[in-house]
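The residues of the chain are indexed from 1 along the displayed sequence. All values below were derived from every heavy atom in this structure, side-chain atoms included, with hydrogens, water molecules and symmetry-related copies excluded.
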Amino acid sequence: MTTTSPSWGMSRLRATCVHSFLALALGAAPNIAMGAEPQPTLQETFETHIPHNWSVASYRFTHPAFDTDWSKENLRVSSGLHLSLTPQSGHKNRFVAASLRHKERTHFGRYEVTMRPARGAGIVTGFFTYTGPYYDTRHDEIDIEFLGQDTTRLHVAWFVDGVRHNRFISLGFDAATKPRTYAFEWHADRLRWFAEDRLLFEVTEHDAPLPKEPSYLFANLWAVDESLSVWAGHAPTGTSAQAFVGKITFAPFDRPIARGVTPNAPTRLALARPKRP
């Protein structure tokens with residue numbers, strides 16, 4: 001684990017000023033103009049190694065929302081990604097965990113992950129897109145998150161110019177029992193979240209502002225600082241946790257991955273602004 005300035009990092013539930021700080025940790029990736037350049041199509045199963053177009057975080061992380069440093073040692077590759085959170089001593093943060101980022105920006109399309117989130121109070125497993133001031137853009141973000149204190153619910157969130165919108169969606173099952181497939185679709189005029197190809201939630205541009213900026217794709221496991229315990233709980237000292245990511249795919253809408261979506265009535269956005277936990 002290095003102690004030099006981080007080349008990239010995570011974004012999560014936090015105030016706009018916190019996001020600006022965090023953007024400094026989100027990476028030294030080049031500014032990639034989307035323009036007419038084709039977007040990458042991703043179909044990663046991580047069988048034996050991390051592909052060259054992904055970066056794994058490894059550094060001490062000083063941030064008021066996190067009780068977590070990052071280490072490559074906490075990401076093992078064997079027929080998928082095995083992310084671990086482990087206790088540590090002698091450092092400001094009580095835990096060390098795993099995070100990775102795709103090196104190229106992506107935009108409108110379908111983002112999908114097969115994962116088993118970690119259980120445990122104060123622990124978050126995430127799959128999300130992010131961009132912000134470090135990349136010379138506004139802060140836009142789209143999240144799939146599992147809070148380990150209750151893995152029967154999916155936390156969906158989206159940020160537009162640093163302003164957060166979010167919802168908790170009951171799944172009807174415990175996501176931590178086995179790997180399942182989750183997805184979000186990023187359209188120009190709407191966002192849609194899925195679990196096992198079942199549409200859970202949809203928000204349109206008529207309901208709320210939507211992200212527009214091309215972004216970077218992340219997956220991570222981390223423990224929250226005590227200041228976020230109302231939202232996610234508090235991880236006791238000595239806690240360990242594991243999450244699994246079996247597959248990550250991204251397909252622009254002009255190159256879709258064939259699938260059938262179970263039709264049902266998705267949860268629609270209530271127009272009242274959610275309160276920050």
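Under a hydrophobic-cluster definition in which Ile, Leu, Val, Met, Phe, Trp and Tyr are linked whenever side-chain heavy atoms come within less than 4.5 Å, directly or via other members, F244 and V56 are assigned to different clusters. Tracing side-chain contacts under 4.5 Å through hydrophobic residues (I, L, V, M, F, W, Y), one reaches F201 starting from I144; they form part of the same cluster. Side-chain heavy atoms closer than 4.5 Å link hydrophobic residues (I, L, V, M, F, W, Y) into clusters, and following such links, possibly through other members, connects L228 to F66. Both V245 and L100 are members of a single hydrophobic cluster when ILVMFWY side chains are connected at heavy-atom separations under 4.5 Å.
Using a 4.5 Å heavy-atom threshold, the side chains of N220 and T68 count as separate. Residues H165 and P209 are in side-chain contact: their nearest non-hydrogen atoms beyond the backbone lie under 4.5 Å apart. With a 4.5 Å cut-off on side-chain heavy atoms, T114 and T45 do not count as touching. Contact check for W70 versus W222: side-chain heavy atoms found under the 4.5 Å cut-off. Between D174 and R119 there is a side-chain heavy-atom pair separated by less than 4.5 Å. At least one side-chain heavy atom of L81 sits less than 4.5 Å from a side-chain heavy atom of I50. The side-chain heavy atoms of T41 and P252, taken from C-beta on, include a pair separated by under 4.5 Å. The shortest distance between side-chain heavy atoms of D143 and F159 falls below 4.5 Å.
By the side-chain hydrogen bond (donor to acceptor under 3.5 Å, both in side chains) test, N53 pairs with H102, sequence neighbours left out.
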Pair F184-T129, side-chain contact (heavy atoms from CB on, under 4.5 Å): steps then yes or no: CA-CA 10 Å; F184 61 85; T129 59; 3.8 Å; yes

Worked verdict on L217 versus W54 for side-chain contact (heavy atoms from CB on, under 4.5 Å): CA-CA 9 Å; L217 181 60; W54 292 85; 4.0 Å; yes

From CA spacing to verdict: side-chain hydrogen bond (donor to acceptor under 3.5 Å, both in side chains), T86, S240: CA-CA 5 Å; T86 52; S240 295; over 6 Å; no

Stepwise side-chain contact (heavy atoms from CB on, under 4.5 Å) check, V156 with Y182: CA-CA 11 Å; V156 305; Y182 307 92; over 6 Å; no

Test log, rule side-chain contact (heavy atoms from CB on, under 4.5 Å), inputs F194 and E185: CA-CA 8 Å; F194 302 82; E185 289 182 354; 3.6 Å; yes

Worked check of salt bridge (Lys or Arg N to Asp or Glu O under 4.0 Å) between D197 and R110: CA-CA 12 Å; D197 276 335; R110 182 178 173 100; 3.0 Å; yes

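S58 and S71 get closest at one heavy-atom pair: OG-CA, 3.8 Å. Across all their heavy atoms, V203 and A208 have their closest contact at CG2-CB, 4.2 Å. Here the closest heavy-atom approach between residue V160 and residue P211 is recorded as CG2-N, 3.4 Å. Here the shortest heavy-atom pairing between L85 and A223 reads CD1-N, 3.5 Å. Here the closest heavy-atom approach between residue T239 and residue P236 is recorded as OG1-O, 2.6 Å. For the residue pair F173 and R198, the shortest heavy atom distance occurs at CE2-NH2, 4.3 Å.
For the ring-ring contact (aromatic ring centres under 6.0 Å, His included) with H155, the lone residue among F128, F146, W231, F127 that qualifies is W231.
With R60 contributing its side chain and H91 its backbone, the two residues share no donor-acceptor pair below 3.5 Å. When atom types are taken as modelled, the side chain of D69 and the backbone of N93 share no donor-acceptor pair closer than 3.5 angstrom. A side-chain donor-acceptor contact under 3.5 Å links T125 to the backbone of A118. Using a distance-only test at 3.5 Å, with no hydrogens or angles considered, no donor-acceptor pair links the side chain of T151 to the main chain of G148. No side-chain donor-acceptor contact under 3.5 Å links E44 to the backbone of K247. In this structure, K212 contributes its side chain and A188 its backbone to a donor-acceptor pair below 3.5 Å. Judged by distance alone, the side chain of E213 and the main-chain N or O of R138 form no donor-acceptor pair under 3.5 Å. Within the 3.5 Å criterion, the main-chain N or O of E47 finds no donor-acceptor partner in the side chain of S79.
Between the NZ atom of K103 and the CZ atom of R105 there is a distance of 15.5 Å, given to the nearest 0.5 Å. Here the NZ-NE2 distance, from K92 to H63, works out to 10.5 Å after rounding to the nearest 0.5 Å. Here F95 contributes atom CZ and L221 contributes atom CG; the two are 11.0 Å apart, rounded to the nearest 0.5 Å. Atoms CG and CD, from L210 and E205 in turn, are 6.5 Å apart once rounded to the nearest 0.5 Å. Distance CG/D189 to NE2/H206: 7.0 Å, rounded to 0.5 Å. Remark: H82 NE2 to N74 CG distance equals 13.5 Å, nearest 0.5 Å.
Separation of the Y216 and Y130 ring centroids does not fall under the 6.0 Å cut-off. Outside the 6.0 Å centre-distance limit, the rings of W158 and W186 are not counted as a close aromatic pair.
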